[in-house]
Every structure is written in C-alpha cells, then in structure tokens.
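Reading through the structure tokens given below for one structure.
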Amino acid sequence: MASVVGGFLAPHDPLMFSTPDAAPAGQRDAVSAAYAELGARLGRLDPTAVVVIGADHYVLFGPGCLPQYLLGIGDVDGPLERLPGLERGPMPTNPRLAEHIMGHGREHGFDWAVAKSITVDHSIGIPYALMVKPNGAIPVIPVYLAAGVEPLVPLSRAAALGRSIREAVESFPGDERVVVIGSGGISHWVGLADMGRVNEDFDREVIAHVEAGDIDALCAYGDADIVERGGNGALELRNFVCAMSAVPAVRGELVEYQAVPAWITGLGFLELVADGAAVAR
Amino acid sequence: MASVVGGFLAPHDPLMFSTPDAAPAGQRDAVSAAYAELGARLGRLDPTAVVVIGADHYVLFGPGCLPQYLLGIGDVDGPLERLPGLERGPMPTNPRLAEHIMGHGREHGFDWAVAKSITVDHSIGIPYALMVKPNGAIPVIPVYLAAGVEPLVPLSRAAALGRSIREAVESFPGDERVVVIGSGGISHWVGLADMGRVNEDFDREVIAHVEAGDIDALCAYGDADIVERGGNGALELRNFVCAMSAVPAVRGELVEYQAVPAWITGLGFLELVADGAAVAR
Amino acid sequence: MSIYALEKALFDLNVDRPSKQRFRDDPVDFCSRYQLSDDERARVVAFDVRGLVDLGVNPMLTMGYWLELEGSRSLGGYIKRMRAAPEPVGGK
Amino acid sequence: MSIYALEKALFDLNVDRPSKQRFRDDPVDFCSRYQLSDDERARVVAFDVRGLVDLGVNPMLTMGYWLELEGSRSLGGYIKRMRAAPEPVGGK
Ligand SMILES: [Fe+3]
Ligand SMILES: [Fe+3]
C-alpha cells in the first residue's frame, strides 16, 4: 500500500543564498548542517515521491486569480528567482500520483486549483535543492497554500487538506513511499518595518507544538496573533499544519533551530515522524 | 432579506460582433430582439446586483493556475477581447456582497479562488453589455467555472456551487435583489473540425430540461456525451446548472432559440423563474 | 515530450505579446524555450493545428494562435486546416 | 480609489517586464494605466513604501518593486524607508 512515510519542516530563506555572509559563520554552518541532516534522513526514508508544500510570495499567482490551494499535476521546473548557487531547471515529477491526489481531493470536497506547468518559487525550490535533489531524481509534487497573500487559507482548512493528501496517498494503487515537506520560516517580518526582528519565544512555542504533534494547538492561533508575535512570514504556519496532517500520527523531532536576524528569520528544522515508527537515523 | 429574484441563460457568441453579417438577417434580428427582451425582463426584476457566470476560454487563467471556480471580489473591467461594437471599461461592483459569497462559500466547503482585479472575457462582457448595462449601473459579480479547460468542474459540483451562491445571498444582511446569469452557448464546436455544426436536437433537449427546472437531468449528462452531441462548447452547460441552482425552485421559460451555423452555435435564451413567482413581463 | 509543454507554448502564443513577437521573428527559436519533441516543434511551426489537437492540445489554444499568427488569420482557413489530415512529420 | 488597483499596479511592477520598463521610462505615465487617486499615484512614483503598506498593500509587493526599481535596489534602504514616516502627500 502506498503511504506517507514521514515528513520534514524546513525554511526557505532566500537570504541564505543572496547574502550568505551576513550571518555569523557559526549560524551559517549550523544551518548548512541542518539541511544536510534533513536531506540524509529524507534519503533513509527511501521515498519514491516528495510533496513539497510552499507559499506563494505574490510572484506566482496574480490578483487576477488567487487560489486557496494549488497542486502541480504536470511539468515542474524552477525556482523562478535567480539566486546565486541555486540551479534552475526541470524537476522530476509523478503525474499519476499528483492527478490521483487531485481527483481524490475533489471527490472529498477539496477543489484543488491545478498547474499543468509550473515554475516553482524559492519556497519549493530551496527545500528541493537542499534536501531532495542530493538524494537523486526523486519526483516532486508541488503544493501551494495561500499563506502570504490575502485571502489566506484558514489553518484548520490547511490541516484538513493535509489529511486529504494522506488519504489520497493511502488510496493510491502501488507501493509509493511519500515524504511531505512543509516549507516555511517561523518568525519573520517580510517587507514590514520590523524586518530583521526574530521572536525566539514564539518560535520555541511553535516548535514545542510540532514536537508534541499538537496540530490543534497550532490551528488555534489567530492570524492577527501570529502576525503580532511572529510577523506576516509566520503565516506560513499553514504549511506546517498541512504537512503535519499528512503524516500519520505525527510527532516532531527538532533537528536545529537558529534565530538569524541577519537573514530576518527564525529557522526551524524538524523531522515529522510517522506513527510509532523509529526515527530514521 | 436579500434574495435571488431570478435569472437568465444567454449565449456569449463573439461572432455576433466580429462577423454580424454572416448570419441571415432574420436570425440576426431574432437574436438582437432576444437580448433586448432578456434585458427588459432583467430590468423589471429591479436587481441591485447581477452575478454573471462565465467560462474561461483559456485566455484568463493559464496553465500555471487553473481554478475550478473563481469569484471576482474586487475591481472588474473588460471585456478583454476587442470586439467591434463592444465597449471596454470598468464595471460597477459590490465588493461587500462578493466577499460575503466568498466567505459563506468557504465556510461551507467551497474554496473559491478569487480575483481582486479581473478583466473579464467575452463570456461575461457580452451578457453584461447586452442585458445588464442597458438597465443602468447595476453592480456585477463575476464567477468563472472551469468549463472549457481541463480539468473541468463536475456538473454536480457546479450545481452545488450554485446552491451555495443562493444560500450566501440569502444570509446577506440587507435587501439585495440578485439576478443570476448563466452564460453559454448550447451546441457548438470550438476550434474543432466540426466547427460550424449545430445540433438542434441536442439543444432542444437541453432547453426542455431547463424549462422543467430539471437540474438533475442536466447533471446526468456525461462529458463525453456532451462533446459528442453538443461539441466542446456545450460543456458550458456547467454555467447553466450553476445559475439554475442559484435560483430558488427554478423553472425555465424559453424566450428564443436560434441555430446559427454561421455563428457556429445553437443560441438559447431563457428566463429562470424563481419559486412560484409570476414571470416578470 | 509532454502535452503540457505544448499547451504552455500555445497558451503563451495566445496571450503574451513578447512571445508572439518572438514567434513571428523566429518560430523555431521560440519553440526552443519549451521542452518539445522535434515532431511537436515541427507541428507548431507549420500551424498543423489538426495534428496538435490530435495530440491533445485544447482546441481553443490552437484556434487562438492560428488567428493571432497564421498568415491568413482567417477562421475559414483554420476550419479547412482542421478538416485536412495532420502533417505527416516524423521525429522523436 | 481602490486598494486593488494599487495592488495590481505593484504586482505588475514585480513580475511583468514591459511594465517595469514603462515605469523606468515614465512612472507617471505607467500609473495612468491604473485607476489610482492622485495620492496613490504620488506614493507609487515616490517609492513611499511605508505609505503604501499603511494603505493596505501587501508588503511583499512593496518590497519587490523597491528591489526591482528603486535606485539603490537595497534591502537596507527599504527597511530604512519603512521605518521612516510616510510621505505627507495629499490629493484626492
Ligand atoms: Fe516564505
Ligand atoms: Fe463560450
């Protein structure tokens, strides 16, 4: 039976690429090591496909069509942004599995918008480059949630969507082993006057909820409260609860946390461990 | 209480504007008179807002983001296409009502994609120009269904969405009188070798179902059957069932039908009469 | 290679002004920006709309790019082309 | 006139190459293509990102257009501008 065998939460901070030297060497090294560790753990899960849940930063979808959530069912390439050290190009795909997730969702009340061709942005391109690609040509299935552009998808709906992804995978004929990555920073103020502020208290609180697998606690945050304490960037918590909900009986394991004001973000790296499964190590 | 006070089904054939003289004068006159009659009936319903349900013709939404259904909640202008005799410009809107339809829908399982600014295409621009605008500055709320670009929204889902629009209107504080227009040709083959064929038998069958208010019969058509008998353009039946479902206890009244091969389309003009209400005449 | 690449190329030719100009200037070069097979590229360049629809391209896209870019820009010409056999171009 | 017109103008400046060029050539003329008030237009032309965010524009758009088009193209400059008071431009 196809199943979701695990997942990860990881940031997608473009400043790691555009101004790598702005951060202290210790933090830089810790962040590099964290991506490498997550990538290694991902490889040991031996996935046949990776669903990466990103957030549009108002560059992919314009004011003429803003979807609540979107699935890439066809060609995928990217990332859109030209960032030093980040290669741009086509990514391997699994259209049959992607179409199955679409169809299963639509039969169960999730009217996925879809992309037949998509050039993903850095929110999918960075975790793909640092965690997936080093493990070989594993197909990627991109998902975008309305996490940065109003009207936002509600946290509870993001969680329901994650469950739908899991149920879809579990009803797919075959032996797919699917890993889900929720892509997002924790506290960060993007384009606001507080840009550069990081709120470690908030970040640690979020991390504790992830470790406990407490999706309900995360869904209980109000958006105004998130923006107040974690900045508009922390609205990407949607991607976390969606990914967590896709992993059966999830609990989180913290791999690394770095508060990096120079990169304007609290960076959390977690593995989402399925069921009572042993942590892949 | 706000309510849906009635509706209409009308075509949006651009050839009426680009090659008016291709059709025989008798048909041309009948079609003009039908739009005028529908416009007059619409005016007598004294609407405060008009929801127009159109179909993307693969010019508004690209392969990077194809929504199942979309609502215009902000600025509206158009039409996009430059057609002789069809003015282009901003249209009056009612953002509060549009946002209410969005919010109500999302609370009830309809995850509307939205447009904050949209330049509508001819599928909304033509009925607007010929039926709404002559009655003054009545706000328009554009809806788009995936009726021409795969993956299509299922007919039954289009019907459910229409019911959701009705329930949303009925829960809106105030005295709005909403009219719903389902925009679409009946049989037409768009861009296919059979372009120019019209299947009057199929068209009359569809019209009979509309007259009877038999949404279930319309939803029972398979897409392959629709394309076989009515062409790919007849997939716009989605717009019909959505509009019908938005009108309480609907029955249809045929105002005009013209099979016009020169304009490649079977053109049906119907009023959707609400409840046991007297036909506005 | 993929119906999606073909559909993206034709969508761009329908709605994107710079893409239309690039195609007018050099259709083969325009096509090189998409992951098309030789056969697919040849059909796009030759306005083989019948062959493209047979491959699965949405006919609104083939009609739109014909009307925008084919020499005659005529609907009659398009229908005639649709009713003829597809071009027997080969290639991978 | 409408936050949506403002957001559309800034979105186009973020992603659309011809729009960027038009803005570089003549920012007032670029703005004339959108239904903006005099005050809104003045803030767009003056890169008054703080004022625009206060009006409700998504800050990813203000940041993006600053980095694409403002002379310095620097994030530090953007943050400094965000922390200053908005321009006191008037107009309807
Ligand atoms: Fe982000
Ligand atoms: Fe149509």
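Bear in mind the structure is a predicted one, so any value in this text is a computation, not a measurement. Letters A, B, ... are given to chains in the order of the sequence lines, protein chains preceding strands, and every chain is numbered from 1.
When each of A/Gly103, A/Ser117, A/Ala146 is scored by its heavy-atom pairs under 4.5 Å with chain B, the top score falls to A/Ser117. Here A/Pro151 is the residue among A/Pro151, A/Gly109, A/Gly74 with the most heavy-atom pairs under 4.5 Å with chain B. Put simply, of A/Ile118, A/Val114, A/Val153, the one with the most heavy-atom pairs under 4.5 Å next to chain B is A/Val114.
No side-chain N or O of A/His108 forms a donor-acceptor pair with one of A/Ser164 less than 3.5 Å apart.
In summary, A/Asp75 and A/Lys116 do not engage in a salt bridge, as defined by a charged side-chain N under 4.0 Å from a carboxylate O. Under a 4.0 Å N-O distance rule, the pair B/Glu87/B/Lys133 qualifies as a salt bridge. With salt bridges taken as basic N to acidic carboxylate O contacts below 4.0 Å, one links A/Asp111 and B/Arg157.
A ring pair (Phe, Tyr, Trp, His ring centres under 6.0 Å) with B/Tyr144 holds for exactly one of B/Tyr69, B/Phe61, B/Tyr58, B/Trp112; it is B/Phe61.
Contacts of A/Leu66 with chain B are made by both backbone and side-chain atoms, with heavy-atom separations under 4.5 Å. With a 4.5 angstrom heavy-atom cutoff, A/Glu99 does not touch chain B via any of its atoms.
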